Amino acid sequence: MTLWRQTWPMAIGVLSLLGFQLIDSAFVARLGTAPLAAQSFTLPLSFLIIGVQVGMGIAIAALISRALGAGETARSRRLGSLVLVVGALVIALLGLGLWLGQAPIFRRLGAETESLALIRAYWGPQLLSAWAGAVLYFGYSLFRAHGNTRLPGSLMVITSLANLILDPLLIFGVGNWQGLGLPGAAWATVLAMLVGLGVMAMRLAGTGWLATAGLWEEASLSLRPFLGIAGPAMISQLMPPLAAMLAISVVARLGESQVAAWGLASRLETLSLMAVLAMTMSLPPWLGRCYGAGDWPQVHRLMRLALKVAVLWQLGLGLALALAAPWVAAALAGSAEVSEDLTVLLHWLPPSYAALGVCMLVVSAGNALGWPLRAMMMSAARLFAFYLPCLGLGAWLGGLPGLALGAALGNLLAGLAAWGLLRRTLASPRRQAVG
């Protein structure tokens with residue numbers, strides 16, 4: 001019941017957040033295949049920013065939850081202040097670097113001249129929205145670490161609804177105003193995130209979870225344990241964007257329509273994984289408290305329940321999406337060609353997300369339970385030993401259908417490997433806290 005109470009608000013929030021991102025891409029698809037392909041090229045770099053913020057969020061949530069579990073309330077306040085200040089600065093510097101290096105990066109990913117022109121107008125506001133979303137996420141991490149998942153879930157819904165309202169207005173215009181086109185999608189997200197930041201700031205002001213004194217000393221004291229968790233966690237979170245860049249460079253060789261379909265499939269993947277994503281956010285703080293209190297039987301119970309829910313939910317949803325693939329693709333795609341390519345991807349990929357969900361939960365748990373290096377190695381194996389080799393081989397042998405089948409096989413192999421790692425680790429209590 002505790003897992004359910006902590007997860008359902010985040011599940012609703014994640015569903016709304018990822019739902020608007022999918023609808024956002026569906027709106028862009030109405031502009032044509034070229035704008036959708038341009039947006040698809042930016043997704044791996046957007047995931048790169050998300051990877052950094054999630055890695056930092058995992059580390060700070062783990063440290064705060066452990067401090068609370070050990071009764072160190074004052075330290076948890078100092079940590080809360082540090083994550084907001086340092087996190088905002090780190091993401092701002094990363095965004096600046098991605099803005100300055102955009103041309104060579106997107107050329108390397110396979111974007112051609114037409115796509116580069118569209119990306120250039122879109123990338124600036126998109127980076128601004130990514131920064132605002134990252135700061136908002138760090139605020140979510142504070143609330144989750146204190147056991148409050150309702151506010152983050154509610155704010156995800158509010159920002160998603162705001163974005164959903166603003167998207168068609170800024171993309172297509174209203175009245176005599178013709179709208180901004182592709183950049184309008186990014187500006188809609190900027191405005192929605194600013195709404196969320198305003199609400200978050202007001203709620204944080206009355207919590208007493210932040211401190212202004214002793215931050216420098218706390219930074220010096222917590223730097224090593226923070227890097228011990230954040231380093232492997234960030235590397236784990238950065239590997240998927242790197243894999244996404246390599247994957248889209250493979251897809252780009254197949255054609256613009258395939259890139260557009262792959263972008264929609266990527267949006268749909270994150271949406272279909274919303275229950276697992278919610279558990280990766282709500283589960284670690286509880287696991288961290290159990291870790292701090294030495295309650296390993298509770299850790300076993302929580303992990304068994306989480307994995308059972310993930311597999312049953314993802315398998316049922318994946319089979320439903322595979323069966324409904326032609327209708328889902330027709331609703332999302334802006335052209336018959338993109339719809340046909342998306343249908344091929346949906347026939348194979350969604351059922352494999354059950355295995356992918358297992359891997360994601362194992363990696364998330366590892367960062368909270370004191371074995372971040374094993375979690376990092378699991379992430380690396382999933383992407384570079386299973387997913388990308390199978391995807392590349394499939395594309396080489398069978399084009400888009402082969403690519404879809406190869407990606408699904410890679411997810412399955414990764415899930416089986418993660419399950420084996422978890423069983424071995426939890427079966428050795430005395431070794432659990434070792435990297």
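Residue numbers count from 1 along this sequence. Nothing here was measured: the structure is a model prediction, and the numbers come from that model.
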Can you confirm whether [X] sits close enough to [Y] that some side-chain heavy atom of one is under 4.5 Å from a side-chain heavy atom of the other?
| X | Y | value |
| --- | --- | --- |
| L98 | L48 | yes |
| V276 | W313 | no |
| M200 | Y140 | yes |
| L356 | R382 | yes |
| V362 | R374 | no |
| L349 | L268 | no |
| L383 | L242 | no |
| L127 | I49 | yes |

Residue pair [X] / [Y]: nearest heavy atoms and the distance that separates them:
| X | Y | answer |
| --- | --- | --- |
| H347 | A322 | CD2-O, 3.3 Å |
| A395 | V250 | CB-CG1, 3.9 Å |
| G263 | L43 | O-CD1, 3.8 Å |
| L321 | S272 | CD1-CB, 4.0 Å |
| A185 | V28 | CB-CG2, 4.2 Å |
| T33 | S335 | OG1-OG, 3.7 Å |

Roughly how far, to the nearest 0.5 Å, is [atom2] of [Y] from [atom1] of [X]?
| X | Y | atom1 | atom2 | answer |
| --- | --- | --- | --- | --- |
| L182 | R120 | CG | CZ | 13.0 Å |
| R108 | M245 | CZ | CE | 12.0 Å |
| W348 | L345 | CH2 | CG | 12.0 Å |
| L254 | I248 | CG | CD1 | 11.5 Å |
| L397 | L403 | CG | CG | 11.0 Å |
| D24 | L166 | CG | CG | 11.0 Å |

Check your understanding: Is a side-chain donor or acceptor of S364 paired with a backbone partner of L361 at a separation under 3.5 angstrom?
Key -> no
Exercise for review: Kindly say whether E337 contributes a backbone atom to a donor-acceptor pair with the side chain of E340 at under 3.5 angstrom?
Suggested key: no
Study note, to complete from the structure: Of W209, F138, Y137, the one forming a ring-ring contact (aromatic ring centres under 6.0 Å, His included) with F143 is W209
Revision key, fill the gap. Residue set satisfying side-chain hydrogen bond (donor to acceptor under 3.5 Å, both in side chains) with T42, at least two apart, ordered chain then number -> none
Exercise for review: Mind running side-chain contact (heavy atoms from CB on, under 4.5 Å) on T207 and L142 for me, showing each step along the way?
Suggested key: CA-CA 10 Å; T207 59; L142 295 182; over 6 Å; no
Review point. Ring pair (Phe, Tyr, Trp, His ring centres under 6.0 Å) with W262: which residues, sequence neighbours excluded?
Key: none
Review point. Any chance CZ of R30 has more than 12 other-residue heavy atoms, nucleotides or ligands included, within less than 6.0 Å?
Key: yes
Point to revise | Candidate pair W187 and L128, rule side-chain contact (heavy atoms from CB on, under 4.5 Å), full reasoning | key: CA-CA 9 Å; W187 282 115; L128 181 58; 4.0 Å; yes
Exercise for review: List the steps, then state whether side-chain contact (heavy atoms from CB on, under 4.5 Å) holds for L405 with L409.
Suggested key: CA-CA 6 Å; L405 179 59; L409 178 60; 5.7 Å; no
Practice item. For the pair L31 and F172, evaluate side-chain contact (heavy atoms from CB on, under 4.5 Å) and give the outcome as yes or no after the intermediate values. Key: CA-CA 9 Å; L31 296 173; F172 304 113; 3.7 Å; yes
